[in-house]
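Convention: sequence-line order gives letters A, B, ...; per-chain numbering from 1.
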There are 2 protein chains.
Amino acid sequence: MATYKVGSIGEYIREQRKRAKVSLRQLAEATGVSNPYLSQIERGLRKPSAEILQQIAKGLRISAEALYVQAGILDDRDVDTDVQAAIRADVALSERQKQVLLDIYESFRREEGHDGEAAMPMTPPTKGEYR
Amino acid sequence: MATYKVGSIGEYIREQRKRAKVSLRQLAEATGVSNPYLSQIERGLRKPSAEILQQIAKGLRISAEALYVQAGILDDRDVDTDVQAAIRADVALSERQKQVLLDIYESFRREEGHDGEAAMPMTPPTKGEYR
DNA sequence: CAGGAGCGCTTGCAATAGCAAGCAGAGCGA
DNA sequence: TCGCTCTGCTTGCTATTGCAAGCGCTCCTG
């Protein structure tokens, strides 16, 4: 959590865009947001509205919520509880399945803070790579 | 859910305000948003940003997410807690962890299709109740 | 070499968000 | 009656968002 700095929405968007290997112009086309404006957003010169963020998320095929969190308009905690709440609310899952998923999710969260190496030997390098 | 008509954020805010029995000026004070602007929002003359919605939610002591849904910047389904979307949006999880959870979730959904009854006789009625 | 394609960025502008100052109406008390 | 308080709304303004037109750079091809 504390690893992420809310407010660097531009950096985050650029990062996701590079990860997706698309140019600004390609993203502009995919999102319907102008190329210069995307550039300005990435460089922190402009502060996009939620609607623009929504479009960008769609163009990058990522969750709009992740962008909202970065932009500070959605509380990180809300997103956190969403996974647990989502699992609990999913009527397609049996209670046992829910519990399994919740356990795994929670162990992932713990290993995030404590023992990344213990549970998943491959995870640390990937994690470091991600960040 | 279906009771709400996305787009009528102004009506919704007025409704909540009346429910809370506060005047526009009182809400303005509680929210830090100007009284005239609140009036304009309520009457649909202006389209408030997410930040303003956040402030209004705080002033009305309601969930910002509920306002986002009304304003159309957050998908109702997301709030309904779609598991896959929630997992993807969880910034505390690495991409690999997300993938693991998603894979497990999806396999659970598949086994649901096959042996749902066999594994958990209670599941079907609950589903029917939801829908 | 020139030209074209692709890249990200600059600039000026129109539209809109959000505000301060103030208006008009209703209700109440002296 | 008048004055005050409270209410919601009008209006004009500034700051900001998002865009269109275009620039400069790099790389590649004929």
Margin query: Starting the side chain at C-beta, find the nucleotide from C:dC19, D:dT10, D:dA20 nearest to B:P36.
Written below: D:dT10
Quick one: [X] [atom1] to [N] [atom2], roughly how many Å, whole number?
X	N	atom1	atom2	value
B:K47	C:dA17	NZ	P	7 Å
A:Q54	D:dG18	CD	C1'	16 Å
A:E42	C:dC7	CD	C1'	12 Å
A:L24	C:dT10	CG	P	12 Å
B:E51	D:dT16	CD	P	13 Å
B:L45	C:dC19	CG	P	15 Å
A:Y37	D:dA20	OH	P	13 Å
A:N35	D:dC19	CG	P	11 Å

Item checked: Side-chain ion pair, A:R25 and A:E29, N-O less than 4.0 Å -> no
Check: If two hydrophobic side chains count as joined below 4.5 Å and joins carry through other members, does B:L45 share a cluster with B:I41?
Finding: no
Check: In a check of side chain to side chain contact (heavy atoms under 4.5 Å, CB included) between A:I62 and each of A:L67, A:I13, A:I56, which one passes?
Finding: A:L67
Next item on the list: Check A:Q16, A:E15, A:R14 against A:K18 for a side chain to side chain contact (heavy atoms under 4.5 Å, CB included) and give me the one that passes.
Entry: A:R14
Has [X] got a side-chain N or O lying under 4.0 Å from the OP1 or OP2 atom of [N]?
X	N	answer
B:R43	D:dC9	yes
B:S49	C:dG18	yes
A:R46	C:dT10	no
A:S23	C:dC7	yes

Next item on the list: Quick one: label A:Q40 by what it contacts on the DNA or RNA (base, sugar-phosphate, nothing), any heavy atom closer than 4.0 Å.
Entry: base
Next item on the list: May I ask you to say what A:L38 touches in the nucleic acid, namely base, sugar-phosphate or nothing, with a heavy-atom cut-off under 4.0 Å?
Entry: nothing
Notebook entry, point to check: Side chain of A:Y68, backbone of B:I73: donor and acceptor closer than 3.5 Å?
Noted result: yes
Check: Is there a donor N/O on one and an acceptor N/O on the other, under 3.5 Å, for the side chain of A:R25 and the base of C:dG6?
Finding: no
